[in-house]
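As structure tokens, the structure follows; a few thoughts come after it.
Naming: A, B, ... by sequence-line order, numbering from 1 per chain. Reckoned from all heavy atoms, side chains included, excluding hydrogens, waters and symmetry mates.
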Amino acid sequence: MKLQKTNFYRILSLVVLVVIALLFLFPLYWIVTGSVKEKGDILIKAGESVKWIPSTISWGNFGRLFSATEPLFKVKLPIPFTESIVTLTGPIVPRAVRWLYNSVFISLAAMFFTCLTASLAGYALAKKQFVGRAFFFSLIVCAMALPKQVILIPLLTVMKNLNLVESPWAVIFPVVGWPFGVFLMKQFSESIPTSLIEAARIDGAGEFRTFANVAFPIIKPGFGALAIFTFINAWNEYPLQLVMLHEPQAKTIALGIAGLQTEMSNDYGLIMAGAALAAVPIIVIFVMFQKYFTQGITMGAVKG
Amino acid sequence: MANSKAVVRAGISSQIKSNFISYLFMLPILVFFLGFVILPMVMGVFTSFTNSNMGGSEFVGFSNYIQLFQDKNFLKSSVNTIIIVIVSVPTVAFFSLWVGSAIYKLKPAICSFFRCVFYLPVVTGSVAVVVVWKWMFDVYNGLFNHGLNAIGVQSVNWLGDSKTALLCIILILFTTSIGQPIVLYVSALGNVDQSLVEAAEVDGATKLQTFWRIKYPAIMPTTLYVMVITTINSFQCFALIQLLTSGGPNYATSTVMYLLYETAFKRYQYGYADAMGVVLAIVIAIFSAIQFKVMNGGTAE
Amino acid sequence: MKKLVSIALAAMLLLSTFSGCSAETTTAQKTDPAPATKTETETKTTPDAATTPTAPETPSAQPVEISWWAFPTFGVNSGYEQEVIDAFAKVHPEITIKLTTLDFQAGPEALTSAIEAGTAPDVLFDAPGRIIEYGRNGKLIKLDDMFTADFTKDVNNEGVISACKADGTAYMYPLSIAPFYMGINKEAFEKADALQYVNLEGDRAWTTENFTKACEALAKAAATQVPGIVYCGGQGGDQGTRALVNNLNSSSIVNADGKWAIDEKGIKSLELLQKMVTDKSLDANTAYAAADELQAFQNGVAAMSFCWGTSNSITYKSDSFTQISVPFPSEDGTPSLEFLANGFCVFDNKDDAKAAAAKTFIQFICDDGIYGPQSVVKTGAFPVRESFGNLYPDDAEKGLLSSWTKYYGPYYNTSANFTAMRTEWWNMLQRVFQGGNVAAEVEIFNAQANQSVTPAK
């Protein structure tokens with residue numbers, strides 16, 4: 001009797017769970033199917049029923065989305081000791097692909113620099129005594145919870161003076177400067193046994209060598225957690241992108257899609273194709289690395 | 001004597017050297033942290049005492065701050081922000097705990113499927129899916145009203161009615177907030193000592209009792225962490241509002257963050273907007289100080 | 001997998017380390033036509049300049065890159081902007097133009113942050129409202145030298161010329177003008193037997209009384225889901241709702257002192273609209289901006305649009321019903337129409353070469369023998385230059401629209417604080433349609449809209 005009752009609750013909660021999960025998947029389903037629907041299938045008109053499944057598959061939406069083009073990248077390299085500048089221009093790709101590239105670039109670069117700077121600083125804060133250590137640490141803790149948006153306007157002035165507006169670095173640098181990473185890596189570095197560091201020193205290893213050979217292997221899991229956090233953070237750092245990047249070649253995928261939604265607001269198919277492009281690649285990445293994501297999130301929480 | 005002096009000198013020089021090396025470690029982050037976080041903050045505080053706008057800037061003392069607390073829209077936006085936090089935090093915590101406990105014992109593949117589904121909105125961000133939400137909430141041809149009409153209920157202007165608009169925002173925010181807590185709860189519940197649970201069951205403890213006595217203490221730190229990140233998340237809610245409602249109707253969905261943006265970029269009142277930023281920063285600082293205190297108290301045991 | 005990611009990361013970092021960091025500095029530098037490096041690189045000179053290394057040293061022949069930001073006045077995604085750029089490149093190969101298209105909802109904010117960041121475009125295609133505001137704040141190059149005696153004589157319309165100026169200084173070089181008006185769904189009106197209230201004869205002017213009757217008939221017959229939507233979800237296309245309010249009782253939004261002020265008549269109009277919304281003979285939607293309303297009109301959700309105009313009638317053309325253009329209804333049947341002036345301004349980016357190039361480009365778009373008139377046609381509007389003549393000789397509808405010139409009311413978009421007023425406007429509408437007391441809400445509007453944000457010079 002009791003067993004039956006628990007089973008009943010378990011099944012009921014599972015059913016509820018499945019329903020909620022389907023609701024969560026619905027927007028994605030609607031975007032993906034919408035991106036290959038004809039216009040008439042996307043809009044619900046009064047008195048008509050919702051077309052849950054596309055009646056025909058059409059790639060025209062993507063055709064329109066990909067009609068504008070940009071070079072994949074354009075890098076200006078000054079040649080030392082001369083005044084000329086060499087411009088490396090990438091292959092011409094659809095503009096939307098360029099947006100995707102920009103998003104990936106921003107996220108990867110932010111990830112790389114955050115991991116690098118945060119692990120060095122976290123190590124120093126955890127394992128070294130130096131003047132101003134307590135001060136820096138409390139400054140970092142204080143700044144951690146603040147949303148970046150509160151400093152949007154002055155940040156714009158800073159970037160203006162560095163000539164970085166319309167450049168991905170205008171988004172990357174503030175993300176790297178955000179001190180959560182330092183805090184996290186400090187927590188991880190606490191677990192490095194001091195005896196190991198001292199042993200390395202006695203063996204004559206230099207400071208950075210000690211860091212690379214002794215500390216790094218121990219804080220490596222934290223590295224992964226931080227990398228994932230920063231990637232998602234930078235990917236979704238919408239307000240900063242909104243203020244710093246406007247030109248078509250500078251936009252990220254999120255900005256590009258948001259722009260399409262207002263600019264082409266009566267071309268639903270195009271908007272859906274754009275949304276699909278924004279959502280699907282990152283989901284594929286996420287599903288592929290799901291294990292690392294889960295580990296990273298958990299680890300970040302345990303230490304953070 | 002001379003010897004000990006030399007030792008002291010060596011000590012000092014090695015101390016300087018060690019300090020120097022520590023700063024080398026700190027240097028990269030300090031460049032970014034001071035340049036792109038602290039410097040803008042200081043500039044923001046400074047600008048908040050001016051009437052900086054597109055045409056120029058003049059020092060105006062505290063008048064921005066005085067105006068702020070008489071500004072109905074600011075007060076309304078503050079209340080909205082608080083509502084979002086107060087509603088979101090417990091809902092997210094309860095719901096994710098429920099999902100977590102419902103799935104953590106399932107087969108690993110199924111468990112990770114659910115985890116994955118609930119985490120998807122976090123990865124995709126709000127911008128990509130907002131177009132679908134906008135359509136679902138549309139008053140004339142939206143999916144929700146379609147459903148309501150089918151059962152004979154009148155259409156609701158979800159995003160256009162001040163009674164429902166904020167709820168819609170909270171709902172969408174909710175979908176993007178629960179992914180991480182669920183992952184955390186699954187792992188925390190998985191770490192609960194099963195032998196203790198079994199022992200308690202053998203002793204005839206009810207489900208509720210085992211939960212409170214054994215599981216709850218084990219997941220308490222997680223709950224606190226979930227509350228902290230949800231609070232931060234809720235304070236930051238911006239993209240949704242910008243894309244869906246522009247803060248309307250009549251500031252019913254405006255948050256301090258959104259109002260700041262509107263004041264700066266639609267009204268060109270940079271000084272005033274920075275004053276909002278300063279106030280918001282202070283409030284968040286107080287909030288997180290409290291939470292850090294609680295959290296440290298919670299994890300100390 | 002990890003290796004793959006790290007390789008990709010390293011490659012990307014390497015590639016883009018210098019992108020952006022060195023942006024914008026190139027044009028300032030003297031670009032000696034650099035010895036072409038053998039790799040697949042490309043020097044920063046335009047192809048033409050590279051083939052003629054002995055280009056004269058005049059400033060105009062120096063390669064210049066200027067940026068052009070455009071609101072979709074040539075039509076959304078029409079491709080015309082690029083067409084003009086390509087044509088211009090043939091005449092002025094030394095000037096490269098980088099195009100960014102904007103939309104009316106998010107574009108203004110993008111402009112603000114770009115101006116604040118010092119990355120404002122060189123050329124902006126917009127309308128006087130914002131342009132004059134930027135000019136007043138010292139962000140623009142004065143265009144007085146482009147307003148030659150010949151040009152002013154050719155335009156021969158003091159209203160248009162003054163719409164381009166703030167305090168006597170010209171900031172916008174105008175291309176075309178067109179009235180704002182309403183669109184109605186003919187079939188829906190027929191279905192509701194409401195076409196009798198609409199005047200389809202002559203210049204189609206109609207009265208407020210007939211407008212309310214038509215709305216009631218539409219609501220009663222449920223010809224469409226809602227008769228019309230008074231949208232107030234944002235500033236995009238808000239001139240439509242202002243024109244509606246101003247026309248219903250022939251009021252003005254600017255008082256004799258040039259301050260923003262809704263008068264007694266305006267209050268009456270707002271009260272009428274509020275009542276119609278309560279009676280469901282109109283709908284107000286605080287979540288809709290003009291673009292949403294236009295779509296609702298195009299999709300047959302609403303039977304009329306308050307944001308109809310020459311370019312929207314192309315973008316939001318319906319294949320399933322007939323869209324008829326009518327002026328806004330007014331008390332005595334004499335509408336006072338707002339007109340849209342399309343034109344260009346040049347931002348002061350502290351670079352004379354760019355400013356000169358920008359002016360050359362503007363002149364090409366507006367005054368070139370072929371592209372001048374074509375640009376006007378692409379905006380769907382009417383030329384400001386009389387010498388262009390009638391560009392739509394075979395189009396009776398256009399003929400009618402151009403005859404509405406006589407109904408053009410005073411142009412208020414150049415009044416101070418225009419941008420702040422717009423935000424106050426749609427917020428005021430939101431309060432009114434959420435059941436606020438009209439007189440009280442108007443009072444708030446009148447007070448707030450005049451609160452100057454610009455410090456006294």
Exercise. Mind telling me whether A:F24 and B:F118 have parallel, tilted or perpendicular rings, with 30° and 60° as the class edges?
Key: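 B:F118 vs A:F24 ring planes: perpendicular.
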
Heavy-atom closest contact ([X] atom, [Y] atom, distance):
X      : Y      : answer
A:N236 : B:G125 : OD1-CA, 3.4 Å
A:Q261 : B:A128 : NE2-O, 4.2 Å
A:V150 : B:M257 : N-SD, 4.4 Å
A:Q129 : B:N19  : O-OD1, 4.1 Å
B:V129 : A:P27  : CG1-CB, 4.1 Å

Say you draw a straight line from [atom1] of [X] to [atom2] of [Y]; how long is it, rounded to the nearest 0.5 Å?
X      : Y      : atom1 : atom2 : result
A:E237 : B:Q236 : CD    : CD    : 7.5 Å
B:L143 : A:W30  : CG    : CH2   : 7.0 Å
A:W178 : B:F32  : CH2   : CZ    : 14.5 Å
A:W235 : B:T124 : CH2   : OG1   : 10.5 Å
B:S22  : A:R133 : OG    : CZ    : 9.5 Å

Given that the side chain runs from C-beta out, which part of [X] has a heavy atom under 4.5 Å from chain B: side chain, backbone, both or neither?
X      : answer
A:L277 : neither
A:V176 : both
A:F211 : side chain

Neighbour count >12 (heavy atoms, 6.0 Å) for atom [atom1], [X]:
X      : atom1 : value
B:M227 : CE    : no
B:F46  : CZ    : no
B:K134 : NZ    : no

Quiz item: Under 3.5 Å, is there a donor-acceptor pair between the B:Q242 and A:Y238 side chains?
Solution: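 Distance-only check passes for B:Q242 and A:Y238.
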
Quiz item: Is there a donor-acceptor pair closer than 3.5 Å between any side-chain N or O of B:D274 and the backbone N or O of A:I153?
Solution: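 Judged by distance alone, no pair lies under 3.5 Å.
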
Quiz prompt | Side chain B:Y261, main chain A:P239, donor-acceptor under 3.5 Å | solution =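 Not confirmed, B:Y261 side chain does not pair with A:P239 backbone.
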
Quiz item: Can you list the steps and then say if B:M136 with A:F26 is a side chain to side chain contact (heavy atoms under 4.5 Å, CB included)?
Solution: CA-CA 11 Å; B:M136 291 201 277; A:F26 175 75; 3.7 Å; yes

Can you check whether [X] reaches [Y] side chain to side chain, under 4.5 Å on heavy atoms?
X      : Y      : answer
A:F286 : B:C116 : yes
A:F113 : B:P28  : no
B:F33  : A:T117 : no
A:Y29  : B:V132 : no
B:Y119 : A:Q290 : no
A:I20  : B:F114 : no

Quiz item: Could you go step by step and tell me if A:L156 and B:F265 meet the side chain to side chain contact (heavy atoms under 4.5 Å, CB included) rule?
Solution: CA-CA 12 Å; A:L156 195 59; B:F265 295 101; 4.1 Å; yes

Where does [X] contact chain A at under 4.5 Å (heavy atoms): side chain, backbone, both or neither?
X      : answer
B:Y23  : side chain
B:L240 : neither
B:Y185 : neither

In terms of heavy-atom pairs under 4.5 Å, which option from [options] contacts chain A the most?
options                       : value
B:V131, B:L184, B:I232        : B:V131
B:V226, B:I38, B:V117, B:V278 : B:V117
B:M26, B:M41, B:M276          : B:M26
B:A102, B:G44, B:S112, B:S52  : B:S112
B:L260, B:L280, B:L106, B:I21 : B:I21

Residue, of [options], that accumulates the most heavy atom pairs under 4.5 Å with chain B:
options                      : value
A:V16, A:V287, A:L17         : A:L17
A:G122, A:A21, A:A275        : A:A21
A:L125, A:V175, A:L139       : A:L139
A:I283, A:I271, A:L242       : A:L242
A:L25, A:I31, A:V131, A:I232 : A:V131

Quiz item: Less than 6.0 Å separating the ring centroids of B:F25 and A:F208?
Solution: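 Under 6.0 Å, so yes.
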
Exercise. Give the C-alpha distance, both sets of side-chain angles, the deciding distance and a yes or no for side chain to side chain contact (heavy atoms under 4.5 Å, CB included) between A:F293 and B:V122.
Key: CA-CA 12 Å; A:F293 270 77; B:V122 184; over 6 Å; no

Exercise. With side chain to side chain contact (heavy atoms under 4.5 Å, CB included) as the test, would you mind laying out the steps for A:L120 and B:I29 before giving the verdict?
Key: CA-CA 8 Å; A:L120 287 173; B:I29 192 66; over 6 Å; no

